[in-house]
Amino acid sequence: MTSTSKGAAPDRLRTIDGYIADTPYPSNFHSSFQPPWTDWNLERRGIRPPRSAAKPFRYVDLGCGDAFGLIATAVAHPQGHFVGVDAMPEHVERGQRLIDAAGIGNVTLHCEEFAAAGSLALGDADYVVAQGVLAWISATARAALLDLAASWLRPGGAFTVGYNCFPGWSEIYGLQRLIVTLAQSARGSSVERFAQALETVRTTAIFPPSVWEWLDPLLERLPPAYFAHEYLNGHWQPSWSADVIAALAERGLDFVGQASAGRMREDLSFPSEWREALTAMPSAAARELAADLQSGTWYRQDIYVKRPHRRITASKLPAKLLERWWLLTEPAGQVEFSYATSAGTFEFDNAASRAIVSALGEGPRPLSAIGGFAPADLINSIDALYAARLVIPLDPPGKTAADSFNRLLREQGHDSGGVATAHGALPIDAASLEQLGEADLSRLGLIPGGGARQRKTPAN
Ligand SMILES: C[S@@+](CC[C@H](N)C(=O)[O-])C[C@H]1O[C@@H](n2cnc3c(N)ncnc32)[C@H](O)[C@@H]1O
């Protein structure tokens, strides 16, 4: 049951256990919560992923918002069953409208608070995800969310959790406290109160110019509802990574690594003195905390696996890694074989990287389709391309209703930043598909030759 303070005094905002509930959160899509992304992150670290081939699997999204990302993922993976849990009725209704309009049969949404959701008994999940929830909810709801993830996952299942963390948010912590306090005396919706509170703060010299230089571009770029949700939650509390790792370890979930592409290989992203300092850390929790302190991390996406889980035999690992499919995010001709890291510019202009880019320029395919190189060269090159965010791990093509779903998104003017393909869901606005030429559509696996499916002609 959802309990709200709906009937409270007119100058009180509607909340769910302190969470702002008068304004829906914007729709979102995140690549790093996609099953092939998680699978690559596990397998690259030698851990057996929860799925095998095109077998059925179960995926649960805790705090799914309006479930846009969950729904696009479900369309792209018809062999999976997808479940979203969110306490805000408007979110669940909005998601259900899209599910109904698109005629999708493999997603179920539940309107429920985490503290009461145990009775849903969604056990045996292969994947549980929670993006952008931990830092914004009460300590009770946070503990309930972690309990649900641990109890609903099957052994070997993966939990991906994205959250605001320290030390990055330290400088803004005071700003959030002041805004949430000012908003209590303001009037109107949470969006209006955020704007009023921010204007009040702006007239003061409490915060240094660096805070405004950071915040103003975000105000231009992100929708107003994001700020209402980020700044007006009464329980807003970023976490230290070590605390999250410890809380999940107590619940039987082992930390695997960060889902962020830049953190797969520290030798490709961290200066040597940082890496040296990390080798002195005796546990995963200490290591991650030290790395966050070194790099001033704001936000993490961590992958955990439920005990007991299985490792892949070392001798079999390279062949398995080569079977993974990849997509190139830029046209092959635009790829620069270098990227900027905390350690400086990293160059990876070599024959294997060029061969991968050239092959993926034609459409998604596995590394095993690229001949003439030792497995280690291909794997090292894909690591660098992944760290540079030039490639995305995908599935082999399957039969999906991606075309009609993407068409519906275009008709509805959805600009939520995600589309479905026969290989998985991708971070692209549906509207921008119209602007793409044949070569780009092929590279993205949206037409034959890209290894996927027919693009519908106007006649059909
Ligand atoms: C910041 S939004 C994240 C939505 C989505 N995961 C995304 O990344 O776009 C946090 C979500 O948690 C939900 N939520 C907040 N408190 C909750 C609670 N106690 N139980 C269940 N859901 C809750 C909110 O309704 C909201 O949709």
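What you are looking at is a predicted structure, and each value in this text was computed from that prediction instead of being measured. Residues take their numbers from the sequence shown, with the count starting at 1.
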Student: The criterion is salt bridge (Lys or Arg N to Asp or Glu O under 4.0 Å); which residues satisfy it with Glu90, sequence neighbours excluded?
Tutor: Arg14
Student: Considering only heavy atoms from C-beta outward, does the side chain of Asp267 approach that of Phe346 to under 4.5 Å?
Tutor: no
Student: Determine whether the side chains of Asn41 and Tyr386 contain a donor N or O and an acceptor N or O closer than 3.5 Å.
Tutor: yes
Student: Using the six-membered ring wherever Trp is involved, compare the ring planes of Phe159 and Tyr304 and label them parallel, tilted or perpendicular (cut-offs 30° and 60°).
Tutor: tilted
Student: Is there a side-chain contact between Leu42 and Ile303 in this structure, where contact means two heavy atoms from C-beta onward sitting under 4.5 Å apart?
Tutor: yes
Student: Go through it in stages, so that I can follow the logic: the residues are Ile137 and His235, the test is side-chain contact (heavy atoms from CB on, under 4.5 Å), and I'd like the CA-CA distance, side-chain angles, deciding distance and then a yes or no.
Tutor: CA-CA 6 Å; Ile137 58 178; His235 299 293; 5.9 Å; no
Student: Drop me the distance from Ser241's OG to Leu289's CG, to the nearest 0.5 angstrom.
Tutor: 5.0 Å
Student: Applying side-chain contact (heavy atoms from CB on, under 4.5 Å), can you list everything that pairs with Asn380, at least two apart in sequence or on another chain?
Tutor: Arg265, Asp383
Student: Using a distance-only test with no angle check, is there a side-chain donor-acceptor pair under 3.5 angstrom linking His423 and Asp395?
Tutor: no
Student: Under the salt bridge (Lys or Arg N to Asp or Glu O under 4.0 Å) test, which residues partner Arg410, sequence neighbours left out?
Tutor: Glu434
Student: Take Thr23 and Ser190 through the side chain to side chain donor-acceptor pair (under 3.5 Å) test and state the conclusion after the steps.
Tutor: CA-CA 7 Å; Thr23 307; Ser190 56; 3.0 Å; yes
Student: Looking at side-chain heavy atoms only, is the closest gap between Asn164 and Trp136 below 4.5 Å?
Tutor: yes
Student: Quick one: are the ring centres of Trp240 and Tyr163 less than 6.0 Å apart?
Tutor: no
Student: Please lay out, stage by stage, how Thr421 and Leu444 fare under the test side-chain contact (heavy atoms from CB on, under 4.5 Å).
Tutor: CA-CA 8 Å; Thr421 81; Leu444 298 170; 5.8 Å; no
Student: Return the set of residues passing side-chain contact (heavy atoms from CB on, under 4.5 Å) with Ser31 (not counting sequence neighbours), or none when no residue passes.
Tutor: Phe29, Trp37, Ile392, Pro427
Student: Take Phe114 and Tyr19 through the test ring-ring contact (aromatic ring centres under 6.0 Å, His included) and record every step on the way to the result.
Tutor: CA-CA 12 Å; Phe114 300 130; Tyr19 186 92; 9.4 Å; no
Student: Given side-chain contact (heavy atoms from CB on, under 4.5 Å), test Arg263 with Phe270 step by step and report yes or no.
Tutor: CA-CA 9 Å; Arg263 286 298 309 279; Phe270 279 6; 3.6 Å; yes
Student: Are Trp40 and Trp325 near enough that their ring centres are under 6.0 Å apart?
Tutor: no
Student: Could you list the residues that satisfy side-chain contact (heavy atoms from CB on, under 4.5 Å) with Val180, not counting sequence neighbours?
Tutor: Gln176, Arg177
Student: List the steps, then state whether side chain to side chain donor-acceptor pair (under 3.5 Å) holds for Thr73 with Gln34.
Tutor: CA-CA 7 Å; Thr73 311; Gln34 299 301 307; 3.0 Å; yes
Student: Quick check against the 3.5 Å criterion: does Ser358 have a side-chain atom that pairs as donor or acceptor with the backbone of Arg354?
Tutor: no
Student: Please identify which of these residues, Arg324, Arg51, Lys320, meets the salt bridge (charged side-chain N to carboxylate O under 4.0 Å, His left out) condition with Glu43.
Tutor: Arg324
Student: Could you go through the side-chain contact (heavy atoms from CB on, under 4.5 Å) check for His30 and Val129 one step at a time?
Tutor: CA-CA 11 Å; His30 300 277; Val129 302; over 6 Å; no
Student: How would you list all residue pairs meeting salt bridge (charged side-chain N to carboxylate O under 4.0 Å, His left out) that involve residues 292-306, not counting sequence neighbours?
Tutor: Glu288-Arg300, Asp292-Arg300, Arg300-Asp302
Student: Closer than 3.5 angstrom, by distance alone: can the side chain of Trp169 be matched with the main-chain N or O of Trp298 as a donor-acceptor pair?
Tutor: yes
Student: Are Arg202 and Asp216 ion-paired here, with the side-chain N under 4.0 Å from a carboxylate O?
Tutor: yes
Student: With sequence neighbours excluded, tell me which residues meet salt bridge (Lys or Arg N to Asp or Glu O under 4.0 Å) with Glu171.
Tutor: none
Student: Is the closest side-chain heavy-atom distance between Phe194 and Ile179 below 4.5 Å?
Tutor: yes
Student: Less than 6.0 Å separating the ring centroids of Trp236 and Tyr173?
Tutor: yes
Student: Tell me which pairs pass ring pair (Phe, Tyr, Trp, His ring centres under 6.0 Å) where either residue lies in residues 391-422, with sequence neighbours left out.
Tutor: Phe68-His414
Student: Are the aromatic ring centres of Phe33 and Tyr127 under 6.0 angstrom apart?
Tutor: no
Student: Once you round to the nearest 0.5 Å, how far does CD1 of Ile172 lie from CD of Glu230?
Tutor: 10.0 Å
Student: For a side chain to side chain donor-acceptor pair (under 3.5 Å) check, start with the C-alpha distance between Asp66 and His91, then their side-chain angles and the critical distance, and finish with the verdict.
Tutor: CA-CA 4 Å; Asp66 74 358; His91 288 166; over 6 Å; no
Student: Give me each pair satisfying salt bridge (charged side-chain N to carboxylate O under 4.0 Å, His left out) with a member in residues 69-78, each pair once, sequence neighbours excluded.
Tutor: none
Student: Quick one: does His77's side chain get under 4.5 Å of Pro36's, heavy atoms only?
Tutor: yes
Student: Heavy atoms, side chains only, cut-off 4.5 Å: are Phe166 and Ser239 in contact?
Tutor: no
Student: Any Lys/Arg nitrogen of Asp126 or Arg154 sitting under 4.0 Å from an Asp/Glu carboxylate oxygen of the other?
Tutor: yes
Student: Measure the spacing between CG of Leu62 and CD of Gln131 and express it to the nearest 0.5 Å.
Tutor: 12.5 Å
Student: For residues 326-340, dump all side-chain donor-acceptor pairs below 3.5 Å to protein atoms at least two apart in sequence or in another chain.
Tutor:
from: Thr329; atom 1: OG1; to: Arg389; atom 2: O; distance (Å): 3.1
from: Thr329; atom 1: OG1; to: Leu390; atom 2: O; distance (Å): 3.2
from: Tyr339; atom 1: OH; to: Leu268; atom 2: O; distance (Å): 2.7

Student: Could you pull out all residues at least two apart from Ala117 that satisfy side-chain contact (heavy atoms from CB on, under 4.5 Å)?
Tutor: Val85, Glu112, Leu120, Leu148, Trp152
Student: Using only heavy-atom distances, determine whether the side chains of Ser138 and Asp17 contain a donor-acceptor pair under 3.5 Å.
Tutor: yes
Student: Under 4.0 Å between a Lys/Arg side-chain N and an Asp/Glu carboxylate O for Arg443 and Asp440?
Tutor: yes
Student: What distance do Thr38 atom OG1 and Gln301 atom CD have between them, rounded to the nearest 0.5 Å?
Tutor: 9.5 Å
Student: Hey, are the side chains of Leu146 and Val161 touching, using non-hydrogen atoms and a 4.5 Å cut-off?
Tutor: no
Student: Quick one: CG on Leu408 to CG on Asp403, what's the gap to the nearest 0.5 Å?
Tutor: 12.5 Å
Student: With side chains defined as the heavy atoms from C-beta onward, is the minimum distance between Leu215 and Leu175 less than 4.5 Å?
Tutor: yes
Student: Check salt bridge (Lys or Arg N to Asp or Glu O under 4.0 Å) between Asp415 and all other residues, then give those that pass, not counting sequence neighbours.
Tutor: none
Student: What's the spacing between Leu178 CG and Thr200 OG1 if we round to 0.5 Å?
Tutor: 8.5 Å
